[in-house]
Amino acid sequence: MGANLIDSELREFLERGLVCVIGTRSADLRPDWAHGVGVRFTKNRCVVFIEQSTAARSITNLRDNGMIALTICEPATHRTIQLKGRNTKLRELTQAEQRLALRLANTARHAVIEVGIAPRVAAGWNYSNLVAAEFELTGVFDATPGPNAGAEVA
Amino acid sequence: MTSLRELMPCFQGVVPAAIVTCDAQGTPNVAYLSHVYYLDDRHVALSCQFFNKTKRNIGVNPYACVQLKHPATLEAWRLDAKFIRAETSGPLFDEMELRIQAIAAHTGMKGIFRLLSADVYEVLELQPEPGFVLQAEGDAPRPAMDESRAELRSLQVISDRVVRAADMSELLKTLLVSLCELFRVNHAMYLMHDEADGRLYAVESTGYDSSGAGAEVALGEGLIGTVARTRRLLRVSGMGEMLRYGRAVRGEMQRDGAEVTAEIPLPGLCEAQSQLALPLVVGERLLGVLALESADPLAFQDWHEAYLNLLANQAALAIERLGERADEEPAPEPERAPLASRRRVFTWYPKDETVFCDGEYLVRNVPARILWKLLTEHEQTGRSEFGNRELRMDDSLGLPPYKDNLESRLILLRKRLDERCPDVRIVPVKRGRFTLERDCELVLETR
């Protein structure tokens with residue numbers, strides 16, 4: 001599927017820079033998490049920035065099989081969207097992406113401050129060693145807690 | 001390896017945890033968890049409210065990876081876990097369901113939002129992820145994870161005060177003030193259970209702007225009502241997170257066509273972030289609910305539950321004992337003070353069993369009937385001293401024949417008068433007796 005199937009409201013939500021958790025799996029189907037910041041859509045691809053300091057296993061998993069899932073969550077409302085993808089390619093961030101990631105990380109920090117996390121704690125949230133993960137989007141799902149969680153939205 | 005026991009603050013549900021699973025085709029899935037429950041040093045239980053992708057995945061591939069975060073520091077832990085079993089009844093299920101029931105009761109989803117299963121996982125590996133949060137230079141050392149402490153001495157002091165209290169008013173005041181001292185919280189209240197109408201009424205409180213006396217909670221309504229209905233202690237840390245989660249589910253349920261009801265306003269602090277509510281039970285009887293509140297999301301720890309349970313049991317026995325006290329003989333009628341020139345109009349609405357003072361609601365039900373009796377007798381005969389015994393003998397007041405909570409009802413009435421009409425007072429003179437004092441002219445009318 002292409003990112004063009006995502007409507008403008010949903011795209012704005014996903015690209016705002018909210019709390020992002022990444023899921024991967026190993027060759028023997030053992031899952032793992034990493035934390036990231038994102039996302040940005042291109043014509044057929046999607047890119048998310050993964051913090052490498054706590055993602056050694058997930059980085060290995062992505063190099064091994066390229067399968068990725070990630071949630072974008074707005075803490076104040078619990079609205080959550082999950083993206084799924086394949087053929088993930090890891091690469092360094094461009095300079096423009098470095099600036100973008102910095103901005104998105106700050107938005108994510110503000111989102112958790114809004115729900116009571118102390119600003120000095122949120123300031124310590126580490127996004128200092130990012131790698132870009134570019135993948136082919138295969139599905140977009142509603143992951144907001146409730147009876148509709150898991151429903152495909154695009 | 002870090003011990004699961006050292007991560008207790010992470011199990012309070014203040015910061016949502018995340019779980020990653022994977023299906024048989026190798027597609028990973030990320031989901032947020034409403035509650036990760038500590039079982040023992042090798043097991044956790046995850047609450048499952050919906051039959052979702054996570055549930056389907058662990059049915060074909062039992063391995064999961066959980067992200068846990070410390071609520072104060074955001075430090076993260078990676079738990080590699082393996083699904084063992086799903087419990088749909090029993091003590092673990094009941095314990096986890098109580099929290100879900102409280103969310104449902106508070107956010108208008110009673111009966112439609114419930115726990116499907118408590119999913120038990122074996123923790124295969126537990127790794128701290130120190131790089132998740134960077135510690136700034138000059139940061140104070142992070143708090144120790146093990147918060148359990150022995151406070152036996154303080155508990156003994158409260159216990160002594162409670163059992164020695166001479167009357168109900170002293171007992172409740174002592175209990176609430178001592179609890180606040182011991183647990184370093186500022187807000188506590190006691191709600192009496194009225195067996196006649198099955199509701200709870202706030203009788204005594206400490207730390208609030210107003211006493212809240214007379215505030216009502218129905219059984220099963222909100223957190224306090226859930227504790228009363230299930231007769232089980234409930235601790236909620238990170239109330240803000242719990243309510244945000246509940247509201248998100250409620251919104252989704254509404255979109256799905258479920259009939260949800262209005263959210264129940266919490267009695268007490270509107271900015272409360274933690275609440276601990278305990279039922280006071282003797283035998284099969286629910287006497288009331290003790291509720292502690294704090295603006296700190298981590299005010300209550302595991303050890304508080306055990307200690308408070310002991311104390312609640314003792315307080316319940318003391319309340320029961322004071323309720324059974326024989327009334328003492330009447331004292332001579334005191335001299336009446338001269339009346340001031342003020343005037344207070346009391347209105348009795350028999351249909352609603354409500355008393356208004358100067359056009360404003362004062363009190364209802366049994367306390368209203370008691371007040372009306374006192375006022376009319378005082379007006380007709382000039383009497384100002386009354387005894388508990390005669391109230392108990394008066395069928396028109398509708399007191400239950402056994403275990404009537406009369407002392408608690410009189411405390412409630414006294415507090416309502418203190419707040420709404422300080423010119424008329426109920427003043428205890430000795431055990432089982434009180435006087436009706438007034439500094440104003442009384443006008444009584446029935447509508």
Side-chain angles (χ1 to χ4, degrees), chain A residues 19-35 51-55 57-58 61 65 67-71 73-80 82-84 86 112 115-118 120-129 138-139 141-150, chain B residues 14-16 18-32 34 49-54 56-57 61 63-67 71-74 76 78 80 112-113 129-136 139 238 240-241 244-256 258 273 297:
Chain A
V19 177
C20 176
V21 178
I22 289 160
T24 66
R25 55 90 174 169
S26 63
D28 58 353
L29 304 187
R30 298 292 186 96
D32 188 51
W33 61 258
H35 93 282
E51 172 51 41
Q52 297 183 84
S53 60
T54 51
R57 280 189 351 195
S58 277
N61 292 345
N65 57 67
M67 300 293 280
I68 191 167
L70 65 95
T71 51
C73 174
E74 181 177 49
T77 62
H78 273 274
R79 183 185 179 192
T80 309
Q82 178 162 209
L83 307 180
K84 297 211 176 182
R86 63 186 173 202
V112 296
V115 296
I117 297 293
R120 60 184 294 281
V121 172
W125 208 350
N126 184 12
Y127 297 103
S128 61
N129 188 17
T138 55
F141 302 88
D142 186 356
T144 307
N148 302 315
Chain B
V14 177
V15 176
I19 183 170
V20 183
T21 56
C22 171
D23 65 16
Q25 286 71 47
T27 306
N29 188 78
V30 187
Y32 281 100
S34 69
Q49 289 83 247
F50 301 101
F51 190 76
N52 54 20
K53 183 70 176 158
T54 299
R56 286 195 292 275
N57 282 357
N61 173 16
Y63 293 100
C65 190
V66 174
Q67 181 192 69
T73 64
L74 278 192
R78 176 178 265 113
D80 288 308
I112 54 172
F113 176 53
E129 292 297 343
F132 193 76
V133 181
L134 298 173
Q135 199 161 2
D139 268 8
E241 172 53 28
R244 280 190 295 277
Y245 175 81
R247 285 167 190 151
V249 175
R250 186 175 186 274
E252 292 296 299
M253 290 226 166
Q254 252 174 324
R255 266 190 287 284
D256 207 39
Q273 282 297 313

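Numbers restart at 1 for each chain; the letters A, B, ... are given by sequence-line order, proteins then strands.
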Practice item. Supply the atom-to-atom distance T54(A) OG1 to Q67(B) CD, rounded to the nearest 0.5 angstrom. Key: 8.0 Å
**Study point:** Part of Q25(B) lying under 4.5 Å from any heavy atom of chain A
**Key:** backbone
Review point. When rounded to the nearest 0.5 angstrom, what is the spacing between OH in Y32(B) and OG1 in T80(A)?
Key: 6.0 Å
Point to revise | Closest approach of P31(A) to C65(B) (non-hydrogen atoms, all atoms of both residues) | key: O-CB, 3.3 Å
Point to revise | With sequence neighbours excluded, residues passing ring-ring contact (aromatic ring centres under 6.0 Å, His included) with Y63(B) | key: none
Point to revise | E241(B): side chain to side chain donor-acceptor pair (under 3.5 Å) partners, not counting sequence neighbours | key: H78(A), R244(B)
Practice item. Kindly give the heavy-atom pair with the smallest separation between N148(A) and D256(B), and that separation in Å. Key: OD1-OD1, 3.2 Å
Practice item. Please flag which part of N61(B) lies under 4.5 Å from any non-hydrogen atom of chain A: side chain, backbone, both or neither. Key: side chain
Revision key, fill the gap. Honestly, the part of N129(A) sitting under 4.5 Å from a heavy atom of chain B is neither
Check your understanding: So, do E252(B) and P145(A) sit near enough that their side-chain heavy atoms are less than 4.5 Å apart?
Key -> no
Practice item. For each of V112(A), N61(A), T77(A), T24(A), tally heavy-atom pairs with chain B at distances under 4.5 Å, and name the one with the top tally. Key: T24(A)
Study note, to complete from the structure: Looking only at R30(A), R79(A), M67(A), K84(A), the option with the highest number of non-hydrogen pairs under 4.5 Å against chain B is R30(A)
Review point. Checking A258(B) against chain A: side chain, backbone, both or neither under 4.5 Å from a heavy atom?
Key: neither
Point to revise | Close side-chain approach of T27(B) and R86(A), heavy atoms under 4.5 Å | key: no
Point to revise | Side chain to side chain, D80(B) and R57(A), heavy atoms closer than 4.5 Å | key: yes
Revision key, fill the gap. If you tally heavy-atom pairs under 4.5 Å between each of G240(B), A18(B), A64(B) and chain A, the highest tally belongs to A64(B)
**Study point:** Residue among S128(A), A76(A), A123(A), S53(A) with most heavy-atom pairs under 4.5 Å to chain B
**Key:** A76(A)
Exercise for review: Examine distances only and state if a side-chain atom of R25(A) and a backbone atom of P28(B) form a donor-acceptor pair shorter than 3.5 Å.
Suggested key: no
Review point. If we only count heavy atoms from C-beta on, is the I117(A) to V15(B) side-chain gap below 4.5 Å?
Key: yes
Practice item. Select, from I19(B), T54(B), N52(B), T21(B), the one with the greatest count of heavy-atom pairs under 4.5 Å involving chain A. Key: T21(B)
Study note, to complete from the structure: Rounding to 0.5 Å, atoms SG (C22(B)) and CG (D32(A)) come to a distance of 11.5 Å
Check your understanding: If you round to the nearest 0.5 Å, how far is CG of L74(B) from CG of N126(A)?
Key -> 12.0 Å
Point to revise | Engaged part of P297(B) at the chain A interface, taking heavy atoms whose separation is under 4.5 Å | key: neither
Study note, to complete from the structure: In terms of heavy-atom contacts, W125(A) and V133(B) come closest through N-CG1, 4.2 Å
Review point. What distance do R120(A) atom CZ and T73(B) atom OG1 have between them, rounded to the nearest 0.5 Å?
Key: 10.5 Å
Exercise for review: Against chain A, label F50(B) side chain, backbone, both or neither, depending on which of its atoms sit under 4.5 Å from a heavy atom there.
Suggested key: side chain
Check your understanding: Relative to chain B, which segment of Q82(A) carries a heavy atom at a distance below 4.5 Å: side chain, backbone, both, or neither?
Key -> side chain
Check your understanding: Of the listed residues (R247(B), R78(B), Q49(B), R250(B)), which shares the most heavy-atom pairs with chain A below a 4.5 Å separation?
Key -> R78(B)
